[in-house]
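Read through the structure below, which is laid out as structure tokens, and then see the notes.
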There are 2 protein chains.
Amino acid sequence: MHFDNRLTRMLGVEIPIVQAPMGWIARSPLASAVSNAGALGIIETSSGELDAIREEIRRMRDLTDRPFGVNIAQAFVRDPGIVEFVVEQGVRFVTTSAGDPTKYTRALKDAGLTVFHVVPTLRGALKAVDAGVDGLVVEGGEGGGFKNPREVSTLVLLPLVRSKVDVPIIAAGGICDGASMAAAFALGAEGVQMGTRMVSAAESPVHDAWKQAIVAAQETGTVFLRQERGPALRALRTERTERLERGEGNPMAELVAGQRDVYFGGQIENGVALSGQVAGRIESVEPVSDIIQRTVREFFETVEALAKSHLQGAGHD
Amino acid sequence: MHFDNRLTRMLGVEIPIVQAPMGWIARSPLASAVSNAGALGIIETSSGELDAIREEIRRMRDLTDRPFGVNIAQAFVRDPGIVEFVVEQGVRFVTTSAGDPTKYTRALKDAGLTVFHVVPTLRGALKAVDAGVDGLVVEGGEGGGFKNPREVSTLVLLPLVRSKVDVPIIAAGGICDGASMAAAFALGAEGVQMGTRMVSAAESPVHDAWKQAIVAAQETGTVFLRQERGPALRALRTERTERLERGEGNPMAELVAGQRDVYFGGQIENGVALSGQVAGRIESVEPVSDIIQRTVREFFETVEALAKSHLQGAGHD
């Protein structure tokens, strides 16, 4: 049993699992562990720290000989040199997000890269396909981080987009194991992206308090924070984020102000720790390779059980 | 290809699809069409009109010789005689919802009925199993109608509950076709419930304007209305419900005040038309039998495609 679809061929990976591009977190220690496990690590640019990112990409060359990608978070990286920067680094795969897909797609494609755009709606998907992207990351509202204020769940959004476009789709939002990966494939995805599951991984650089908060969280343990302007955010439920949920305070300002303390100081109660609803399904901190291997095993077990129960005379009885 | 699992055996149906118990809508014309299509029609009690419901159940006997069920919406039917009422009608299958599962489960089980409780969280699921229910309806926040204010998507909630309980699960929220049904089965369900898809069916008694509003809706076309007390509601996005979403007005009061006009007068803009996010996936009004048959066909096609792509040497190449 192995994967062989448009995504594995495009990316040159064995396993069509992509690690999400979390700001400050999606750097070489985590991304190289994902790539070395046969999946696809991604380096972030949403931190805006391009000098540090350049060094991270250089480190990836030392840490893995497998493929990896870079995310261009358009809302956070306003430097028009970003395309040149990514191309110079020899990166072959880019996801673009948080912005207009017409902005960088042509230049990236002209430089020979494979480009997937992250979309939260059908409208965004159609616009990205029109702009010439190679594929889509279709992101349901249950996921963590920056979100469309009008959130739509993966179970609804993914098959809708699948029914209207032909390009390969990576499903994001709500995915942390083989059962949810198999569900995404039933809905038309050829790959999945994991964010919160990777934030909680042993190789993730965040403070252990954040990982333990994910492990402790119930499935109702996130809040969806709308803002008057800009994207919504999904974060762990704390006294502070519940205040933000009630409209008291500015989520983005508090995210930025508390970022270092939350990410690397472990002060979860004092800030905005971006996380998806799958926090309620994660029960331990594990090495990336264990997460990937178990997900793959569960995926095939799930497909096998579905086939065995429902396809008579197909060699399964 | 056919279904044969704990749910089809418990319910005595060919097809493990259950129609949701929408107040005023889940009556004999719709429910008998669902049962006659080989799935399970459900009669509602959330309208509180028990005399009318008694007549509806009597009509079901004339309209179908197939199994059907009744929902006891505990928050809306405060008459303690409801159990006796349901038992007297000769009903064999009941879903209980919107209340404490310990309240009626014992009496219904003692009368020989099969009882499923509707749950929006793992905590609710564990409590219902402790109360002795035969199974669960696990309801994700993308669905329409009354919801837990801390909504969790089906893709996250369903596999979480599946991993912690042994009873059969009917998945609800986000399901309207064979791909979403297959995804639910990958996540551990043995049946699915459809609400919005059935509201839009040809045999649904609501005004055609509501059905057309569902057909016209985008996937972002619902709002999630929290209230200071009581459940949240998911309804079609209109100018009025967007005002309610911003906290201007009382969703429950406006639902009740406008109910007749919305449901049977077609005044969608003036009221609260409960609908799930799948409104964005429904493209036409169709007879129930077409919906059920296509869903079943797509379900098996989806499972077959998953198996063919991923199970080599299993008779699929």
Side-chain angles (χ1 to χ4, degrees), chain A residues 1-5 120-123 140-142 148 150-160 162-163 173-177 179-188 218-221 223-224 237 247 276-278 280-281 299-300 302-307 309-316, chain B residues 1-5 120-123 140-142 148 150-160 162-163 173-177 179-188 218-221 223-224 237 247 276-278 280-281 299-300 302-307 309-316:
Chain A
M1 300 185 193
H2 69 286
F3 293 100
D4 178 19
N5 63 28
T121 60
L122 174 60
R123 192 177 164 207
E142 55 268 78
N148 190 302
R150 297 188 175 183
E151 82 275 27
V152 182
S153 80
T154 298
L155 180 56
V156 174
L157 180 64
L158 174 55
L160 177 66
R162 174 74 294 158
S163 70
I175 293 154
C176 64
D177 67 351
S180 47
M181 183 177 180
F185 275 52
L187 298 168
Q218 296 184 317
E219 78 280 20
T220 53
V223 294
F224 191 76
R237 182 183 296 280
Q277 291 182 356
V278 293
R281 299 196 59 214
F299 173 89
F300 287 112
T302 302
V303 173
E304 198 157 37
L306 270 179
S309 299
H310 300 100
L311 303 180
Q312 293 192 335
H316 290 293
Chain B
M1 299 185 193
H2 69 285
F3 294 100
D4 178 19
N5 64 28
T121 60
L122 174 60
R123 192 176 165 206
E142 56 268 77
N148 190 301
R150 295 188 178 184
E151 82 275 27
V152 183
S153 81
T154 298
L155 181 56
V156 174
L157 180 64
L158 173 55
L160 177 66
R162 173 74 295 159
S163 71
I175 293 153
C176 64
D177 68 350
S180 47
M181 182 176 180
F185 275 52
L187 298 168
Q218 296 184 317
E219 79 280 21
T220 52
V223 294
F224 191 77
R237 181 182 297 281
Q277 291 182 356
V278 293
R281 300 197 59 213
F299 173 88
F300 287 112
T302 302
V303 173
E304 199 158 36
L306 270 179
S309 300
H310 300 101
L311 304 179
Q312 294 192 335
H316 289 292

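To find a chain, count down the sequence lines: A is the first, B the second, and so on, and within it residues start at 1. Atoms considered below: every heavy atom in the structure, side chains included; atoms not considered: hydrogens, waters and symmetry mates.
Here the shortest heavy-atom pairing between B:Leu306 and A:Leu306 reads CD1-CD1, 4.1 Å. For A:Ser153 against B:Ser153, the heavy-atom pair with the smallest separation is CB-CB, 4.2 Å.
Interface residue B:Thr302: only side-chain heavy atoms are found under 4.5 Å from chain A. A:Arg237 touches chain B through its side chain: at least one heavy atom from C-beta onward sits under 4.5 Å away, while N, CA, C and O do not. With a 4.5 angstrom heavy-atom cutoff, A:Gln218 does not touch chain B via any of its atoms. Only the side chain of A:Glu142 comes within contact range of chain B, with at least one heavy atom under 4.5 Å from a heavy atom of that chain. Only the side chain of B:Leu157 comes within less than 4.5 Å of a heavy atom in chain A; its backbone stays farther off.
Each of B:Arg123, B:Arg162, B:His2 has some count of heavy-atom pairs under 4.5 Å with chain A, and the biggest count is that of B:His2. Taking B:Gly188, B:Gly140, B:Gly174 one by one and counting their heavy-atom pairs under 4.5 Å with chain A, the maximum is reached by B:Gly174. Heavy-atom pairs under 4.5 Å with chain A peak, among B:Met181, B:Glu151, B:Arg281, at B:Arg281. Ranked by heavy-atom pairs shorter than 4.5 Å toward chain A, the options B:Gly173, B:Gly276, B:Ala179, B:Ala186 are led by B:Ala186. Of the residues considered (B:Thr154, B:Thr220, B:Val152, B:Asp4), B:Val152 shows the highest number of contacts with chain A, using heavy-atom pairs under 4.5 Å.
Under the rule for a side-chain hydrogen bond (donor to acceptor under 3.5 Å, both in side chains), B:Gln277 has no partner lying at least two apart in sequence or in another chain. With sequence neighbours excluded, the residues satisfying ring pair (Phe, Tyr, Trp, His ring centres under 6.0 Å) with B:Phe3 are A:His310, B:Phe299, B:Phe300.
Without hydrogens or angle criteria, B:Glu219 side chain to A:Leu122 main chain gives a donor-acceptor distance under 3.5 Å.
A:Leu311 places a side-chain heavy atom less than 4.5 Å from the side chain of B:Met1.
Separating the CG atom in B:Leu158 from the CG atom in A:Leu155 is a distance of 9.0 Å, to the nearest 0.5 Å.
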